Enquirer: 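Please read through the structure below; I'll follow up with questions.
Just so we're clear, the structure is a prediction, and the values are computed from it rather than from any experiment. Remember, it's 1-based here, ligands and their atoms both numbered in the order they're listed.
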Amino acid sequence: MAPSTDSSATPAPALPVTPAGAHRAPPCTLVIFGAHGDLTKRLLVPALYNLVGSGLLDPDFRVIGVDRVDSTTAAWRDGLNAMMQSFTHDPNAEFHPASIDAAQWDWLAQRLEYVKADFSDVAAIRALGAGLPANAIFYLAIPSRFFATVVETLGAAGVVAQKDGAFRRVVIEKPFGSDLASAKELNRRVLSVLDESQVFRIDHFLGKETVQNILAMRFGNLIFEPLWRNEYVDHIEITAAETIGVEQRGAFYEPTGALRDMVPNHLFQLFAMVAMEPPNTFDAESVRNAKEQLFEAVTPIDPRDAVRGQYAAGTVEGKPMVGYRESPGVAPHSNTETYVALKLHVENWRWAGVPFYLRTGKGLGGRRTEVVVQFRKPPMLMFRGTETEDLPPNRIILNIQPAQGLTVELGAKKPGPEMDLTDVQARFRYEDVFTSSPNVGYETLLYDCLMGDETLFQRADNIEAAWKAVDPVLQAWAQDSTGPELYEAGTTGPKGADALLARDGRAWYPLDKA
Ligand code: BG6
């Protein structure tokens, strides 16, 4: 059961050169539990391949894929190779390169090894651990119900004890718990085996350049911060709208729903980036302290400030979509929400009185993830020909995806003799300025984990604080048999979501605005 070192006779291709100024990660073995899973194939292996290309991995880097499936190292490598090749023909894949670089792939492939083991078999994991070099990372790319057991198995097998300056780390995927109580219990079990500094709770939104860029925009420029507060901001919207439906993920999605799937994790990360106070430094503890301070200021959400919807059959981007209840693995009378809209209140000096509206849904008419910071209107009418009430408000839009960048909406004078104002947009787009390097969003996270940098990972208290905010809604919905409001796939979501803002005299930023 112990991993053998690679005895392949073929010499490994030379590693691409590490770029000047970049630090190559230390030697390490990455043990992936869930080697045959979707996450490993679609995202982790492409991310590792990209890291090879950027020259950031050590020649002694290794990957051991662990799963219960009968397989061999050769078969696992071949399967992954075929998968990587298939991505080149699949424009919908997260990783869609024109071709796979043979030397780059070989470098990685020669370092891949497969071990068949049951994740909860202490003896098997101990045997695996016996063959590991000093530094190792255990990546739990497995269903969340196994997280605690696997961490306990790692502890019982003695493979996560850190000796002689070497590190042993554990990466835990989402969902981390399914409500406040289960998240606390999971943290308790994980932290009874590991020190917090060994735990890397992942949220892939933090791997996105555009999400990290929110901090760069806010704290690397002086022009935003003075306005970033309740004196000037009317409200903030955070949207993650998806066109895709639940597809083949019914079994996962049914007990999860849009709120658990997206809000306390991804949307709260966007919220933190936008609303937290400037951290003292950019180190992990300062950033996570700043997030914690913000999350603690969130009033637990009043269920009356929450709307849930579920998509019915419709047409999305010209193609018919079956209703959620007709999807594989979904109960015919399911009450699981595929859409959620919420209003958050933040009781702190900066944000008191500024509502944060969050919405996310599947099967919608457009795909866009963005944060809209809408400013108050100018205090008085000054220009002839333009009523102040008619002037559109200023907005700063942080475009996360698919548009990547920043949009500023301003009032400008229409050319002509009249002083007549209209709204215009000023835009920064990544693709206009930067050459993008291939990225599936996990590269930075894997690299940071190798480097021991926890800035982009969730601390136990951050996770619990986010669950605490949404817990009243989860509890209220569990008791309420009315269920979600149906919306036709391909539209902007349930009417109730519009009513949530209309109640406050506001409207969502249009999903189809260019
Ligand atoms: C995942 C959710 O965590 O994030 C999915 O489980 C969702 O339901 C996905 O589609 C969205 O991520 P991205 O990067 O595609 O916006």
Enquirer: Can you find an N or O of Thr369 that's nearer than 3.5 Å to an N or O of ligand 1?
Expert: no
Enquirer: Using a distance-only test with no angle check, is there a side-chain donor-acceptor pair under 3.5 angstrom linking Gln374 and Arg395?
Expert: yes
Enquirer: At a 4.0 Å cut-off, with the gap strictly under it, does some heavy atom of Asp261 reach an atom of ligand 1?
Expert: yes
Enquirer: Would you tell me whether Glu409 and Gln425 have side-chain atoms, one donor and one acceptor, within less than 3.5 Å of each other?
Expert: yes
Enquirer: What's the shortest distance from atom 9 (C) of ligand 1 to any protein heavy atom, and which residue and atom give it?
Expert: Glu242 OE2, 4.0 Å
Enquirer: Do the ring planes of Phe33 and Phe138 sit parallel (below 30°), tilted (30 to 60°) or perpendicular (above 60°)?
Expert: parallel
Enquirer: So, applying side chain to side chain contact (heavy atoms under 4.5 Å, CB included) with Val274, which one of Val371, Leu215, Val211 is it?
Expert: Val371
Enquirer: Aromatic rings Phe428 and Tyr430: how do their planes relate, parallel, tilted or perpendicular, breaks at 30° and 60°?
Expert: tilted
Enquirer: I need the atoms of ligand 1 closer than 4.0 Å to a non-hydrogen atom of Lys362, numbered in the order shown.
Expert: 5 (C), 7 (C), 8 (O), 10 (O)
Enquirer: Any donor-acceptor pair under 3.5 Å linking the side-chain atoms of Asn462 with those of Glu292?
Expert: yes
Enquirer: Considering the heavy atoms of Lys174, write down every atom of ligand 1 situated less than 4.0 Å from one of them.
Expert: 1 (C), 2 (C), 3 (O), 6 (O)
Enquirer: Going by distance only, is there an N or O of His266 that falls short of 3.5 Å from an N or O of ligand 1?
Expert: yes
Enquirer: Specify the protein heavy atom at minimum distance from atom 12 (O) of ligand 1: its residue, its atom name, and the distance to 0.1 Å.
Expert: His204 NE2, 3.1 Å
Enquirer: Parallel, tilted or perpendicular: which fits the ring planes of Phe356 and Trp351, with parallel below 30° and perpendicular above 60°?
Expert: perpendicular
Enquirer: Measuring from the heavy atoms of Phe205, does anything fall under 4.0 Å of ligand 1?
Expert: yes
Enquirer: Can Glu94 be said to touch ligand 1, with heavy atoms closer than 4.0 Å?
Expert: no
Enquirer: Identify the closest protein heavy atom to atom 15 (O) of ligand 1: which residue and atom is it, and at what distance?
Expert: Gln401 NE2, 4.2 Å
Enquirer: For ligand 1, is there an N or O atom under 3.5 Å from any N or O atom of Lys208?
Expert: yes
Enquirer: Tell me whether the count of non-hydrogen atoms from other residues, nucleotides or ligands lying under 6.0 Å of NE2 in His23 goes above 12.
Expert: no
